[in-house]
Every structure is written in structure tokens, then in C-alpha cells.
Amino acid sequence: MPMAMDQMAIFRFRCFCFTILLLSTISSISFLFWYQCSGPCNSSETQMPWQKQSQAINLLSHASAWNHLSFSSQPPPKLLKVALFVKKWPHRSHAGGLERHALTLHLALARRGHELHVFTASPTAANNASFPRYPMTNLHFHLSKPTSAGYLDQAIVWKQLQLQNSTSRPFDVIHTESVGLLHTRARNLTNLAVTWHGIAYETVHTDIIQELLRSPEEPQSYALADRVMKVVDEVRFFQNYAHHVATSDHAGDVLRRIYMIPVERVHVILNGVDEEIFKPDSVKGMEFKRKFGVPGRKTLVLGMAGRLVKDKGHPLMFEALKQLIAENGAFRNDVILLVAGDGPWAARYKDLGAGSIIVLGPLDHVQLASFYNAIDIFVNPTLRAQGLDHTLLEAMLSGKPVMATRVASITGSVIVGGEMGYTFSPTVASLKKALSKVWEDGRAVLEKKGEACRQRGLQLFTATKMTAAYERLFLCISTAGNRDEQDLCQYRG
């Protein structure tokens, strides 16, 4: 028995060493790439977005987020036929960030006049009476039953795509949300763009956070070595996609430096949300507070929204609040937390409640808009280091300051300074300190930060800005290399 335990310990030590070696190798590649690019790469193409462009730039080599650029709101120079591959089309309030991105972007493109074909899975593909319907003749859905794992059936959607290409006008652009269309099918499509809502390299950070927060009673996870190997796999197969869209500045940097994808094939377009829905409205905020019984004596209203699960940071938030409520009577009397969403942590928040927490359940977009207007600050304690969370952007456009975990995608694109909110390390002590700081600052300071958030949101995070950037990318891809058409890959400010 002791010998078996020694062998297991040796095995685990070797796995740990292997993980460290791989991470070190990846970091070395990143350093070498930076070193090679530190001189000639600092050209006008990597100019800061706020600097005035004196000459046309090649959009395909533009390193900064396209949201910083100003594209015309006039009708597009040509109408495109676009194919979208997405695992699931959102239904009512049951949608994750990827699905909401697909909905917001492609409905907006259809309203711009482009012909959209959505290839997606539906359990009731044969009888789609319950599938959402839209009053647009240029928006078409091609449904198929999902695989047993819940993904798109690649053979079926590929046949659907080929049929559309052969019986009518071929697609100008093919867009896939993450691996909606697998790389094995995408590798020969030069007019394809994939939007990544999370990549394995970012997930390694998530796994490290989860391991550090693991209690002694929980079993140790050995997924980290597997995750690093997934990074290696992604570095290999990502090359099969022609164009890559990163939804955060950090992800774009990783794709270029760590995944070694050529600069001209990586484009940063930050997520955007509907600015017509998410905007300041104090009347709606007051009505929302009355409806859900928020006591008027509370001087600070915190808000959280989303799936109430472990990887969204709810064990961390629960413990920090539990300690603050127990330790500080003034905090307990002044502060109330509104929790929108559902999941296993909803019941625990209710148990902790007793005048300090109100669990609202899932809310649709209209209700969420009122929710944001009812709070003083939005808190996102996520432990996931990938993607760009829509809830932060919705809160900012609603004129609310934000508070979130200090991960690269958030600090690199959203909370870029203290004038917009607060960040914290994923520890109970750091979160408690940040919550206490918010409470001490009070509403006057928070309102000023909210104004700064609103301005940044309007500059970068609206659905209009996101749609304009994607439209221009798709136009660029469709005309690249075609001498008979206007070169839409050139940009002049």
C-alpha cells in the first residue's frame, strides 16, 4: 500500500512538472514574439485608437479594437449573403453570452438589409412551431437536431450549407460563433470568420483560481495538465480558420502571441449590447425597487445578474457577504443585494438574506434594464477568465459603475481605470475590502463613476458599434483580393 501511494505521488509530481514545463514553453514563445515585434511592429497599424490617423490603414492588420473606429451609418456599399453557425439560438431569457451575441449581431445585420442564413440546432427541428419568428424576409433559419452531446450535427449542417451555395447565390461570408462549424469543415473556407467567446489559454487562469479557492474537504482536481494540452490542440487547429474575431483586447493579444496566428487574421471586436434597451431611467429604477420591496432606508443597493453557479464566483461572494454582515452591523443595516438569475446558489442567498439580500429569479431584457436602474453598482465576481461578460456592458450603458474580478479580459477592455469602478483579486479578503470601499465611497462617488461608465459604454459597447465593425469586417473579407470591387479593407478616419 505505501508503495502504491508513493507511485501515485510520483505520478502527480510528474504531471505537475509537465504542466509547469508547458506553461513555461508557452510563455517563452510569447516573449520571443514580443521581442521580435518590439521594434518594427510599432508602426502606424498599432497606433492608439485615440490618435488621429493621417493616412489610410489596412483594417486586416489593425491591432486595436475596431470599436474605436467610426464607420458610416449609411446603407452598406453592397448587401451580403451571410451564413451563421451557432450551437443554439436564444429563446426568451434562457441564453448565455454567446447566444445573446449571435442574436444581437445578426438581427442587426438583417435590419441593415443583409441576407442572413442561421444554421442552428433545435430539439424540435421537425416541428419548429415553438421556434422564435421574426418579421424579416431576409432572415432564414436552417434547423437540425443536435447531437447527443448538444452540438451541431456537422454532416447535416455542412449539407445544408452546400445546398444553399449550389442552388442560389453563394455566401459572401461564413461566420461561426466559436466552434459552431468545426475546423475540419472550415479549413478550406477563405471567406470564414470565427468569433471566440473563450479560449483554453484563458481557461488555465480560471482553473488556477478554482484550485486556489478549493476547500480542504473538496477533492483536488487534476484537470490543469489536461487544460494545457487543450491549449496545444487549439494552437494547432485554430490555424484552420481563415479569420479570428476576439471579443476582448486580451484574447486578441493571446491569439497573436501565444497561438501564433498572423496579425492580419486576428481582429478585435468588443461585445456590444442594445443601447436602446440599456440606458439610464430613474423612474423605472424606482418602480423596480417598489415592486420587489427594496427598503427605502438602504443607502447602498448592490446588484448581481447571471447564472448562480460556482464558476461565476458565487461561493466567493456568498462568503464575503456572510462575513461582512456578521462583522459589521452598520454595513448590514445600510446595504442590500439584489440577485437576478437562477442556479444552485439562489437558495443559499435566500437563506443568508434576512433583509440583506433579495433573490429575484431570472429576468428578461426589459426587466434587466429596470434592474440595472434600481441598483447603485453592479458586481460581477466571476471566476471565469475568458470572454467579455455582457452584464458588465449592460450595467455601464445603464449608467452604473461596475465591480469585477481582476482578470485580463475585464481590466484590459472594461474597467480600465478606477474612475469606472473597482476590481478585486478572487479571494474573500480582497472582495470584502472592495465591498467595504464601495460602501465607504457612497452614492455620490458611485454616481460619478457611473457617468464615466456610461460614456465609455457609448463609445465602445453599443450594439450599433459592434454591428458596424462586424459589417465592415464581412465587407472587407468579401472583397479582399477582388480587383473588380472597391477595397473595403482600407480605412480612413
Side-chain angles (χ1 to χ4, degrees), residues 22-23 25-38 41-43 45-46 49 58-69 85 97-98 101 105 173-183 186-187 189-206 227-271 384-389 407-414 460 466 469-470 472-474 476-477 480 489:
L22 280 173
L23 286 172
T25 302
I26 291 172
S27 299
S28 299
I29 292 171
S30 176
F31 172 78
L32 288 172
F33 186 94
W34 173 85
Y35 179 80
Q36 291 171 350
C37 286
S38 59
C41 285
N42 290 329
S43 65
E45 291 173 353
T46 57
N58 181 359
L59 285 171
L60 292 181
S61 299
H62 186 63
S64 299
W66 289 34
N67 306 59
H68 290 285
L69 305 175
F85 290 86
L98 182 153
H101 178 271
L105 171 60
V173 176
I174 298 170
H175 181 215
T176 173
E177 298 278 7
S178 290
V179 289
L181 186 66
L182 291 181
H183 65 94
R187 58 189 172 195
L189 300 174
T190 58
N191 62 337
L192 180 140
V194 53
T195 297
W196 298 114
H197 295 272
I199 54 180
Y201 185 84
E202 294 177 298
T203 311
V204 171
H205 186 192
T206 301
R227 189 77 69 186
V228 173
M229 288 308 302
K230 187 175 181 181
V231 174
V232 175
D233 288 340
E234 286 188 350
V235 171
R236 291 189 180 117
F237 79 74
F238 271 33
Q239 303 295 331
N240 290 338
Y241 291 98
H243 292 274
H244 302 254
V245 180
T247 58
S248 72
D249 296 279
H250 172 67
D253 185 64
V254 170
L255 289 174
R256 297 185 191 102
R257 297 179 188 273
I258 307 300
Y259 285 49
M260 297 174 285
I261 299 169
V263 172
E264 65 275 10
R265 291 169 52 198
V266 177
H267 323 291
V268 179
I269 302 178
L270 307 175
N271 287 341
R384 300 185 65 187
Q386 66 269 38
L388 199 61
D389 202 310
V407 295
S409 60
I410 293 174
T411 58
S413 299
V414 184
L460 297 177
M466 177 183 70
Y470 270 95
R472 187 58 177 270
L473 172 63
F474 291 168
C476 169
I477 291 172
C489 295

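Here, residue 1 is the first one in the sequence, and each next residue gets the next number.
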* **Closest non-hydrogen atom pair between Ala193 and Ile477, with its separation** => CB-CD1, 4.1 Å
* Go through the structure and list residues passing side-chain hydrogen bond (donor to acceptor under 3.5 Å, both in side chains) with His243, not counting sequence neighbours. => His267
* Euclidean distance, His101 NE2 relative to His197 NE2, rounded to 0.5 Å -> 4.5 Å
* Say you draw a straight line from OH of Tyr470 to CG of Leu473; how long is it, rounded to the nearest 0.5 Å? -> 8.0 Å
* Asked: Are any side-chain N or O atoms of Ser413 and backbone N or O atoms of Asp249, one a donor and one an acceptor, separated by less than 3.5 Å?
  -> yes
* Asked: What's the verdict on side-chain contact (heavy atoms from CB on, under 4.5 Å) for Ile174 and Phe474, showing C-alpha distance, side-chain angles and the deciding distance?
  -> CA-CA 9 Å; Ile174 298 170; Phe474 291 168; over 6 Å; no
* To do: Enter the distance from Arg227:CZ to Thr203:OG1 here, rounded to the nearest 0.5 Å.
  => 5.0 Å
* Partners passing side-chain contact (heavy atoms from CB on, under 4.5 Å) against Ala186 (at least two apart in sequence or in another chain) -> Leu181, Leu192, Tyr241
* To do: Might you work through the side-chain contact (heavy atoms from CB on, under 4.5 Å) test for His175 and Val245, ending with a clear yes or no?
  => CA-CA 10 Å; His175 181 215; Val245 180; 5.6 Å; no
* **CG on Leu388 to OG1 on Thr247, rounded to 0.5 Å** => 5.5 Å
* To do: Sequence neighbours left out, what passes side-chain contact (heavy atoms from CB on, under 4.5 Å) with His250? Give chain and number order.
  => Glu202, Ser248, Val254, Ala408
* Could you tell me whether a side-chain N or O of Arg472 sits under 3.5 Å from a main-chain N or O of Trp66, the two making a donor and an acceptor? => no
* To do: May I have the step-by-step check of side-chain contact (heavy atoms from CB on, under 4.5 Å) for His62 and Leu69, ending in yes or no?
  => CA-CA 10 Å; His62 186 63; Leu69 305 175; 4.0 Å; yes
* Asked: What residues form a side-chain contact (heavy atoms from CB on, under 4.5 Å) with Cys476, not counting sequence neighbours?
  -> Leu60, Cys489
* Closest contact, heavy atoms only, Thr190 versus Ala242 -> O-CB, 3.7 Å
* Asked: Is any side-chain heavy atom of Tyr201 closer than 4.5 Å to a side-chain heavy atom of Val228?
  -> no
* **Distance, nearest 0.5 Å, that separates CG of Asn271 from CE of Met466** => 6.5 Å
* To do: Might you work through the side-chain contact (heavy atoms from CB on, under 4.5 Å) test for Arg256 and Val268, ending with a clear yes or no?
  => CA-CA 11 Å; Arg256 297 185 191 102; Val268 179; 3.7 Å; yes
* Structure fact -> Exactly one candidate in Gln239, His244, Glu234, Arg236 meets side chain to side chain donor-acceptor pair (under 3.5 Å) with Tyr259; the answer is Glu234
* Asked: Among all residues two or more places apart in sequence or in another chain, which pass the side-chain contact (heavy atoms from CB on, under 4.5 Å) test with Leu460?
  -> Asn67, His68, Leu270, Arg456
* **Distance-minimising heavy-atom pair for Glu264 and Ser61** => CB-OG, 3.9 Å
* Can you name the residues that form a side-chain hydrogen bond (donor to acceptor under 3.5 Å, both in side chains) with Asp233, not counting sequence neighbours? -> none
